[in-house]
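One structure is given below, encoded as structure tokens.
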Amino acid sequence: KGIRSLEIGANHMYLSKFDNMSVEELLDYIKEFRSDNIFAIAELLYHGTVDTLQMVDIMDSRIVITARTERFFNDIFMQECIRRFNQSNDTYYVVAQTCEKGVDTADFYEKTNVEIGTGGGPDIVFYNSVSEPESLLEKGVFVDMRPFMEATGIKEENYYSAAFDFWQEEDAIYAANMVAHPTGNWISAEILGDNDNPDIETLLDGLLRYQKEAVFQTAWESDQVLKYFLTGSEDLWGMVNWEQDTCDFGGELFAKMLEAAKRYGYDRNKDLPYVSFPMRTGFYTYETQEQLKKEGKIPVGYVFEDGCFMRINQTGIMAINSNSDEIHRQGAWEFISYLLSDEVQTLMGYNMLPVKRSAYAANVQREIQEGAISLKENADGTTTKTFKQGDSAFKELKYDEAAYEAMYNLTEEKAAEIEKLLETSKALPTRTAAIIDIITEEATTYFNGSKSVEDVVAVIENRVQLYLEER
């Protein structure tokens, strides 16, 4: 179009220097300019091959929607989703804002918090782009998505709980999740016997009764173990009274939690066995309930007040910033609804689980037909094999393809068990997050031997009481 340079703010770019530059080189260069609009232009500067650059005028015709996250759960997949959306949408153009290499994540979170607190911030806020998303939720920062859902025909019943259950208050929905990744732990039968639905006291008693030296989970330090005990209850197992704004951590239950967390915290100086481990829920990594129990592993998940369930992971959770105007809110929802569509949900590979029911059924059939070993024909006539459970698993089976497929092929039975986890997974309580942070911070002085249980409890009660009075 005869355009030879761009001037945006204080940045001046001469397009002649882009001649014959590859897209990779261009994007590396463009990162010097901290501007969403420049990123939007840069991604549209080429068509067809990476060697041919053309200027495409989008500034007057499309509205830039910003989506911010520290990092995407699957960067390649998300970039493809963004590319497809931008290619097909005539009104909006989505720009991803991720934490740049070398930037401290705490600084990245703080930057987003400050921007939102001063009336700005990205249009789409992913869960891992701010330091305390639950506190922002309490302050009314996020937009209720239900009116958008009703206007566009998206119904909750067509999705698993992971899609919309994370931040719900009464009839309002403040977040959507595009990928189902149910998370939870198996716990050794030496701790629980065959009880796959223990309450919190049963779990703690089993851990404290166990005679052998062990850690709870590899690399879980004592504060993480304590958090696991606390996190499944809306009122921290009766230790917080939300109606009266009071707390009491002086009981036997919390003392048991502290003792168990201290005893089972990870010790880098010792090579100890673990009594718990994350359950695998992918199509080709999944171990059935029967398999786990044969190996002495009891599938527990997380301990909630009404039983044991897998928890909804925050991996793909996103919200709409209330600071955005109506046009940008609408654009944010268009992108979010696109991520929840059949097109994207069925695009997910074997290592991702969709949140849409119809997509899960379609993906299951695709994987059953394809099997645990996929074949790809290359341009040069050769064939590449992908072992979906990993090459190491293939090596363990002495490179026996038949044995590998027999062990790891997805079956209708496995798919039904995985779907049951999707149906029953639950969101962890959100309003306890700040209190749990206080507890785990102060509990370190007990774990390192600086304070007694009584002294730590006194400090925790003072801080939590102050939080309850000020919130």
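Both backbone and side-chain heavy atoms feed into the values below; hydrogens, waters and symmetry mates do not. The model shown is predicted, which means the values in this text are computed figures rather than measured ones. Counting from 1, the numbers follow the sequence of the chain as shown.
Note that K426 lies outside the cation-pi zone of Y302, set by a 6.0 Å cut-off to the ring centre and a 45° limit from the axis.
For the residue pair Q330 and E326, no side-chain donor N or O sits within less than 3.5 Å of a side-chain acceptor on the partner. Side-chain polar atoms of E419 and Y360 form no donor-acceptor pair below 3.5 angstrom.
When all heavy atoms of K356 and Q345 are compared, the pair lying nearest together is N-OE1, 3.1 Å. Pairing each heavy atom of S276 with each of N185, the nearest pair is OG-CB, 3.2 Å. Closest of all the heavy-atom pairs between I312 and N177 is CG2-ND2, 3.8 Å. Looking at every heavy atom in both residues, P354 comes nearest to A180 through O-CB, 3.6 Å.
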Could you go step by step and tell me if F148 and I154 meet the side chain to side chain contact (heavy atoms under 4.5 Å, CB included) rule? CA-CA 8 Å; F148 290 110; I154 289 184; over 6 Å; no

Full working for side chain to side chain contact (heavy atoms under 4.5 Å, CB included) between L203 and Y228: CA-CA 11 Å; L203 172 59; Y228 178 81; 4.1 Å; yes

Give the intermediate values and the outcome of side chain to side chain contact (heavy atoms under 4.5 Å, CB included) for residues N89 and Y338. CA-CA 10 Å; N89 195 289; Y338 173 71; over 6 Å; no

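The pair R83-E80 counts as a salt bridge, with a side-chain nitrogen and a carboxylate oxygen less than 4.0 angstrom apart. Ion pairing of R146 with E150 is absent here, as no side-chain N (NZ or NE/NH1/NH2) approaches a carboxylate O to less than 4.0 Å. Salt bridge status for E115 with R68: present, with a side-chain N to carboxylate O gap under 4.0 Å. Taking a cutoff of 4.0 Å between a charged side-chain nitrogen and a carboxylate oxygen, K227 and E221 do not qualify as a salt bridge.
Separation of atoms CG (L347) and CG (D342) is listed at 11.5 Å; rounding is to 0.5 Å. Atom OH of Y446 and atom OG1 of T444 lie 13.0 Å apart (nearest 0.5 Å).
At least one side-chain heavy atom of I173 sits less than 4.5 Å from a side-chain heavy atom of Q168. Side-chain contact between E169 and L137 is present, with heavy atoms from C-beta onward closer than 4.5 Å. Between I460 and N462, every side-chain heavy-atom pair lies at or beyond the 4.5 Å cut-off. Using a 4.5 Å cut-off on side-chain heavy atoms (C-beta onward), V179 and F77 make no contact. Between T424 and M310, the closest side-chain pair of non-hydrogen atoms is not below 4.5 Å. Using a 4.5 Å heavy-atom cutoff, the side chains of Q224 and F216 are not in contact. Two residues are said to be in side-chain contact when any heavy atoms from C-beta on lie closer than 4.5 Å; L207 and K256 fail this criterion. In this structure, the side chains of N74 and M78 stay at 4.5 Å or more apart for every pair of heavy atoms.
Aromatic rings from F254 and F249 are positioned such that their centres are separated by under 6.0 Å. Residues F126 and F72 bring their aromatic ring centres within 6.0 Å. A ring-centre distance under 6.0 Å is not found for Y92 and F335.
In this structure, Q314 contributes its side chain and N128 its backbone to no donor-acceptor pair below 3.5 Å.
Partners of E461 according to the salt bridge (Lys or Arg N to Asp or Glu O under 4.0 Å) rule, which considers only residues two or more places apart in sequence or in another chain, do not exist here.
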